[in-house]
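Here is the structure we will look at, set down as structure tokens.
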Amino acid sequence: SDVCSSDLEAEKAFLKAIEVNPNFAQAYNNLGKLTRGRGDSKGAEVHYRKALELQPDFAVAASNLGGLLVERGEFAQATEWFEKSLALQPTHALYNGIGILHQTLNDQEKAISFFEKALEMEPENPEVLNNLAISYQSSGRADEAARTYNRIFDINPNQSEAYFNFANMLLGMSKYDEAVTIYRMALQVRPNNAAVLPYLVHARMHQCSWENLSGNIDTLIANTERELATDAPLSATPFGLLSLPTTVDLRARVTHRVAKKIVDTTRPSREANPFTYAPRGPKLKIGYVSPDLRSHSVALLFNGIAQHHDHSRFEVHGYMVGQMERDHMTEFFKKEFDSFTDLKDATLVDAARKINADGINVLVDLAGRSEEHTSEL
């Protein structure tokens, strides 16, 4: 409540400043930051654009607007504002913002290069270090990610988001004991960090750690109901709710919310890439996309299907995504498909372009809303 109170006081002060001087661009920029912090993206955009209308060379406002547009998935517009800001005043915040843009597009190497430029200007900036660690993690460089997370904790041990991200990496590596420890540190720093709880519950279930687990689950469900009712960002995922004692109705509402978000955030990319499809030809082209064309339960279940396609009637293509290790099962699938494309390092847009260029008629997502989130392609 103290934070909310101070925000309201700050907002009153900025509005008063504008009343005294209607051309006070800095006040509009600060209002944009406050409004964005409250989750009002459109309101924040109005304030940032007003600041830039009053002061076209306001580099910080241009950068802030770029960052806001990245959050909304409006990548082309975001790039324009970032480039304007970069020409006016290169800052660590701007390099960080452009890094986030490339990170969002799954172009991790470019993201890493921009985060490194930001760190040249501010070597101990925890936000930039956290983003760098995420890109290392997303590109499969776990050791570098771990070193970067530990560097953050050495600088400032009160970074709840960094603990959360580090624990997610450990969870993905099946290091459940370590993950639970780090999740609890994230909650110790910020007890109301609702995003941590679904992952902590998931990790504890892997541990078979039942003590007070029902209390954690009850809180998770209550958080989810509150988030749905208030239109707040969801802390639980549809996949995460599958293994919990939740109602079908709750799972359906969460799934609809997540689906809507995916539609909204991908709309600009879809509009920028209005794919057309060539005629089908003599064979129906089927594509399978998955991070699990490797030693994994999905691969074992899909194995029989892969071996029994009628290649005289169907053309079958495989697309492997994600950073998980490729192995002998991957080699097996390469032989079963008419073509196999490893999209490990492709941006999401480039992956979509490749699949479209192959003329796929039916694309099957073998993973859905699971660990690698392939359905976001």
Report task. Give the intermediate values and the outcome of side chain to side chain contact (heavy atoms under 4.5 Å, CB included) for residues I134 and Q103. Result -> CA-CA 9 Å; I134 291 169; Q103 188 180 75; 3.6 Å; yes
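- W81 and L105 sit in two unconnected hydrophobic clusters of ILVMFWY residues. Membership requires side-chain heavy atoms under 4.5 Å apart, directly or through other members.
- Side-chain polar atoms of D358 and Y319 form a donor-acceptor pair below 3.5 angstrom.
- Note: the hydrophobic cluster containing V60 does not contain L54 (ILVMFWY, side chain heavy atoms under 4.5 Å, direct or indirect links).
- Aromatic rings of F24 and F14 (six-membered ring for Trp) have centroids beyond the 6.0 Å cut-off, not under it.
- Between the E178 side chain and the A167 main chain, no donor and acceptor come within less than 3.5 Å of each other.
- Between D264 and K261 there is no salt bridge, since no side-chain N of the basic residue sits under 4.0 Å from a carboxylate O of the acidic one.
- At least one donor-acceptor pair closer than 3.5 Å links the side chain of T35 to the backbone N or O of L31.
- What you find for V189 and Y163 is that their closest heavy atoms are CG2-CE1, 3.8 Å.
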Requested in this report: Carefully, step by step, assess T79 and F82 under the rule side chain to side chain contact (heavy atoms under 4.5 Å, CB included).
Outcome: CA-CA 5 Å; T79 301; F82 279 143; 5.7 Å; no
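- Here the closest heavy-atom approach between residue V128 and residue A118 is recorded as CG1-CB, 3.7 Å.
- Rounded to the nearest 0.5 Å, atoms CG (N223) and CZ (R226) are 5.0 Å apart.
- Considering L187, N168, L220 in turn, L187 is the only one that fulfils the side chain to side chain contact (heavy atoms under 4.5 Å, CB included) rule with V196.
- Counting heavy-atom neighbours within 6.0 Å of K110 NZ, excluding the residue itself, gives a total of 12 or less.
- In this structure, the side chain of N21 engages the main chain of N23 through a donor-acceptor pair within 3.5 Å.
- Enclosure of atom CD in E124 is not indicated, since only 12 or fewer non-hydrogen atoms of other residues, nucleotides or ligands lie within 6.0 angstrom.
- Between the side chain of D338 and the backbone N or O of V316, at least one donor-acceptor pair lies under 3.5 Å.
- Remark: the N96 side chain and the E127 side chain contain an N/O donor-acceptor pair separated by less than 3.5 Å.
- Taken from CG in D350 to CG in N273, the straight-line distance is 9.0 Å, to the nearest 0.5 Å.
- T181 places a side-chain N or O within donor-acceptor distance of the main-chain N or O of D177, the cut-off being under 3.5 Å.
- Among all heavy-atom pairs drawn from A299 and R294, the shortest one is CB-O, 2.9 Å.
- In summary, the aromatic rings of Y288 and F302 are positioned with their centroids under 6.0 Å apart.
- Looking at R257 and E227, no side-chain N of the basic residue comes within less than 4.0 Å of a carboxylate O on the acidic one, giving no salt bridge.
- Side-chain N or O atoms of R251 include one that pairs as donor or acceptor with a backbone N or O of T246 at under 3.5 Å.
- Counted by atom type alone, N106 and Q108 present one or more donor-acceptor pairs between their side chains at under 3.5 Å.
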Requested in this report: Please test S235 against L197 for side chain to side chain contact (heavy atoms under 4.5 Å, CB included), starting from the C-alpha separation and ending with a verdict.
Outcome: CA-CA 8 Å; S235 51; L197 207 53; over 6 Å; no
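- In this structure, H206 places its NE2 atom where more than 12 heavy-atom neighbours from other residues, nucleotides or ligands lie under 6.0 Å away.
- Residues P56 and L88 share a closest heavy-atom pair of O-CD1, 4.1 Å.
- Salt-bridge check for R151 with D154: failed, with every basic side-chain N at 4.0 Å or more from each acidic carboxylate O.
- Although no hydrogens or angles enter the test, the distance criterion places a donor-acceptor pair under 3.5 Å between the side chain of T148 and the main chain of E144.
- Salt bridge E19/K12: absent, no basic N to carboxylate O contact under 4.0 Å.
- R204 places a side-chain N or O within donor-acceptor distance of the main-chain N or O of E211, the cut-off being under 3.5 Å.
- In this structure, NE2 on H309 lies 5.0 Å from CD1 on I286, to the nearest 0.5 angstrom.
- Remark: the S312 side chain and the D310 side chain contain an N/O donor-acceptor pair separated by less than 3.5 Å.
- Using bins of under 30°, 30° to 60° and over 60° for the plane-to-plane angle, the ring pair F153/Y149 lands in the parallel bin.
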Query raised in the report: Should T237 and V258 be marked as a side chain to side chain contact (heavy atoms under 4.5 Å, CB included) after you check the CA-CA gap, both sets of side-chain angles, and the distance that decides it?
Result: CA-CA 8 Å; T237 65; V258 170; 6.0 Å; no
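- S135 places no side-chain N or O within donor-acceptor distance of the main-chain N or O of L132, the cut-off being under 3.5 Å.
- A donor-acceptor pair under 3.5 Å links the side-chain atoms of N165 to the main chain of E161, judged by distance alone.
- Counting all heavy atoms, side chain and backbone alike, P126 lies closest to I152 at O-CD1, 4.1 Å.
- Between E45 and H47, the side chains place no donor N or O within less than 3.5 Å of an acceptor N or O (distance only, hydrogens not considered).
- Shown here is K344, whose NZ atom has more than 12 heavy atoms of other residues, nucleotides or ligands within 6.0 Å.
- Salt bridge absent: E120 and K117 never bring a charged side-chain N and a carboxylate O closer than 4.0 Å.
- L68 and V46 fall into different hydrophobic clusters, where Ile, Leu, Val, Met, Phe, Trp and Tyr side chains are chained together by heavy-atom contacts under 4.5 Å.
- Under a 4.0 Å N-O distance rule, the pair R147/D143 does not qualify as a salt bridge.
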Query raised in the report: For N193 and S160, what are the C-alpha separation, side-chain angles and deciding distance, and is it a side-chain hydrogen bond (donor to acceptor under 3.5 Å, both in side chains)?
Result: CA-CA 8 Å; N193 190 344; S160 184; 2.9 Å; yes
